[in-house]
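One structure below.
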Amino acid sequence: MNQLIVDTPRSIDHLPLPRTRRAPAPGRRCIAVGLIGPGRVGRVLLEQIRDARERLAQELGLEIVLRGTAASQVMYIDDGDHFAGARRQGPFATQLDAFAEHVRGDGKAHALLIDCTASSQVVDHYAAWLRSGIHIVTPNKHAGSGPMGRWADIGAAQAQGARFRQEATVGAGLPILHTMRDLLDTGDQLLAVDGMFSGTLAWLCNRFVRGTRFSELVREAHALGYTEPDPRDDLSGMDVARKLVILAREAGWRLSLEHVDVQSLIPAELTQATPAQFLQQLEALDAPMSELLERAHAEGKVLRYVASLRKEGRATVALQAMSTSHAFAHTQLTDNVVQFRTERYKENPLQVQGPGAGPEVTAGGIFADILRIAESLQATSAA
């Protein structure tokens, strides 16, 4: 197995040799950023940027300034760089296009918007922002998995130079999309993709063994914050299906959600319940899940929730019984894992594996996208 396992930074910090530094681009570059959706991931991202600012300025000649934050109802704007103690103004009623114009400012700095929401309505603005020269980085899955027409508009809007990156939509901070782009950009041909793309379902499958009740595990995962507020958002499989669609479209394949065969783990009688009612009636999951577990155990296999994509267009998301010798049987906790089978890696697929959930790793994936965009930008005249 050709395998790339992504671990925490501690795995390289202990090495005695210094890391190789990228050569700074000629001149200094400034990126003015605006954050839409200052929730848990957004707050951690700002902390990561703040802690890295001095190093980025010294090593890469890159300055990142924060011009404001916008939530669903209110927004705050800064009269300079918030990180440098600029005066914050607001709250104002959120007006996304006005916020974008403020971040763009006089055009002397490169403008970039970070969308940390899960809002399809925010995505509706992407194409116009890109056409106006504003770069976009996001973990919002509605862009890459929403209506095909809107996705095509986002792609066409980049022809004028602004860039769109969405690495954190699949695998949080894991370099899944980046790895696939490298394969395709160097002339390889994608044949198939198989992956576990839900940290929540990975955790549930890893913990679900004989003698445990699936309902108790769901309640525990909910209490730990591993699930969405309504666990059905995870158990339905739709979140995994969106990630599979994003992968397909990034590979240039025309795939929409309605083309994905999705196996939901939610009993039919609970689909219309309120979130509170669903949590009260979780025991309805126990009998069908226990039956599947016993069947897998009798075959010497384990249960894993797997997404699969084939070049001929077949896309499935389902709970599968897998041999204990399969790589997916050896994931840990909330690990995400993906296997790329290509012309180069036909017999021995390339694998990326590591933690696929959590604000720190997700923010790290967003930050990496910002830096990838920064590498290609020209020097600016002022901050």
Side-chain angles (χ1 to χ4, degrees), residues 30-50 64-147 149-151 153-154 157-158 160 162-169 172 225 228-230 233 239 242 275 359 362-363 365-367 369-370 373 383:
C30 177
I31 300 180
V33 302
L35 173 64
I36 304 171
R40 289 182 64 198
V41 171
R43 289 194 297 271
V44 171
L45 173 62
L46 294 184
E47 292 173 0
Q48 291 180 356
I49 294 174
R50 181 196 61 209
I64 301 177
V65 302
L66 176 63
R67 292 283 171 79
T69 59
S72 59
Q73 300 297 320
V74 299
M75 63 183 187
Y76 294 85
I77 61 175
D78 296 279
D79 57 6
D81 177 15
H82 178 74
F83 291 124
R87 186 164 54 96
R88 169 147 289 197
Q89 302 176 44
F92 304 105
T94 297
Q95 299 179 44
L96 290 176
D97 287 334
F99 181 75
E101 284 300 309
H102 170 74
V103 173
R104 188 169 64 168
D106 57 12
K108 293 182 179 179
H110 299 285
L112 185 147
L113 290 174
I114 307 162
D115 174 18
C116 285
T117 75
S119 168
S120 184
Q121 287 71 36
V122 176
V123 176
D124 287 339
H125 295 262
Y126 282 11
W129 291 341
L130 289 165
R131 283 193 294 268
S132 71
I134 300 175
H135 308 286
I136 298 172
V137 171
T138 185
N140 187 336
K141 289 181 281 291
H142 286 284
S145 66
R150 186 173 65 184
W151 175 246
D153 288 343
I154 291 172
Q158 297 175 68
Q160 299 186 29
R163 293 164 177 80
F164 168 77
R165 304 287 301 205
Q166 56 171 351
E167 183 69 66
T169 57
E228 295 295 328
D230 184 345
D233 293 340
D239 182 64
R242 288 188 180 280
T362 303
I366 299 167
F367 197 179
D369 270 350
I370 295 172
I373 290 176

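- Applying the ring pair (Phe, Tyr, Trp, His ring centres under 6.0 Å) test to Phe99 and every residue at least two apart in sequence or in another chain returns nothing.
- With sequence neighbours excluded, the residues satisfying side chain to side chain contact (heavy atoms under 4.5 Å, CB included) with Asp78 are His82, Ala86, Arg88.
- Not counting sequence neighbours, the partners of Gln158 by the side chain to side chain contact (heavy atoms under 4.5 Å, CB included) test are Leu130, Ile154, Phe164.
- Considering only residues two or more places apart in sequence or on other chains, Asp230 meets the side-chain hydrogen bond (donor to acceptor under 3.5 Å, both in side chains) condition with Arg232.
- Within the structure, every pair that satisfies the salt bridge (charged side-chain N to carboxylate O under 4.0 Å, His left out) test and touches residues 135-145, not counting sequence neighbours, is listed here: Lys141-Asp239.
- Distance CD1/Ile49 to CG/Leu66: 7.5 Å, rounded to 0.5 Å.
- By the ring pair (Phe, Tyr, Trp, His ring centres under 6.0 Å) test, Tyr76 is found to be paired with no residue, residues two or more places apart in sequence or in another chain being considered.
- Among pairs with a residue in residues 120-138, those fulfilling salt bridge (charged side-chain N to carboxylate O under 4.0 Å, His left out) read Asp124-Arg150, at least two apart in sequence or across chains.
- Note on Glu101 versus Arg104: salt bridge recorded, some NZ/NE/NH1/NH2 to OD/OE distance being below 4.0 Å.
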**OP:** Determine, stepwise, if the pair Leu35 / Leu46 fulfils side chain to side chain contact (heavy atoms under 4.5 Å, CB included).
**Re:** CA-CA 9 Å; Leu35 173 64; Leu46 294 184; 3.8 Å; yes

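- By the 6.0 Å contact criterion, CD on Gln95 is open, its count of non-hydrogen atoms from other residues, nucleotides or ligands being 12 or less.
- Side-chain contact between Phe367 and Ile64 is present, with heavy atoms from C-beta onward closer than 4.5 Å.
- Checked against side-chain hydrogen bond (donor to acceptor under 3.5 Å, both in side chains), Thr138 has the following partners two or more places apart in sequence or in another chain: Tyr126.
- A distance of 7.0 Å separates CH2 of Trp129 from CG of Asp115, quoted to the nearest 0.5 Å.
- In this structure, Arg165 and His135 have side chains that are not in contact, with every pair of non-hydrogen atoms separated by 4.5 Å or more.
- In this structure, Arg43 has no side-chain hydrogen bond (donor to acceptor under 3.5 Å, both in side chains) partners at least two apart in sequence or on a different chain.
- The two residues Pro38 and Ala70 come nearest to each other via the heavy atoms CD-O, 3.3 Å.
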**OP:** Give the C-alpha distance, both sets of side-chain angles, the deciding distance and a yes or no for side chain to side chain contact (heavy atoms under 4.5 Å, CB included) between Gln121 and His142.
**Re:** CA-CA 9 Å; Gln121 287 71 36; His142 286 284; over 6 Å; no

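- Scanning both residues, Val41 and Cys116, for their nearest heavy atoms gives CG1-SG, 4.2 Å.
- Rounding to the nearest 0.5 Å gives a distance of 11.5 Å between CD1 of Ile134 and NE2 of His125.
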**OP:** Evaluate side chain to side chain contact (heavy atoms under 4.5 Å, CB included) for Val44 paired with Arg40, printing each intermediate quantity in order.
**Re:** CA-CA 6 Å; Val44 171; Arg40 289 182 64 198; 5.7 Å; no

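- Residues passing the side chain to side chain contact (heavy atoms under 4.5 Å, CB included) test with Phe92, sequence neighbours excluded: Met75, Ile77, Gln89.
- Considering all non-hydrogen atoms of both residues, Ala157 and Ala127 come closest at CB-O, 3.4 Å.
- Under the side chain to side chain contact (heavy atoms under 4.5 Å, CB included) criterion, Glu228 pairs with Asp233, Asp234, sequence neighbours left out.
- Closest approach of Arg242 and Ser145 over heavy atoms only: NH1-OG, 2.9 Å.
- Not counting sequence neighbours, Ser132 has no partner by the side-chain hydrogen bond (donor to acceptor under 3.5 Å, both in side chains) test.
- The two atoms that bring Leu113 and Ala100 nearest to each other are CD1-CB, 3.8 Å, heavy atoms only.
- The shortest distance between side-chain heavy atoms of Asn140 and Val123 falls below 4.5 Å.
- In terms of heavy-atom proximity, Thr362 sits nearest to Pro139 at CG2-CB, 4.4 Å.
- When side chains are defined from C-beta on, Val65 counts as touching Arg67, because their heavy atoms get closer than 4.5 Å.
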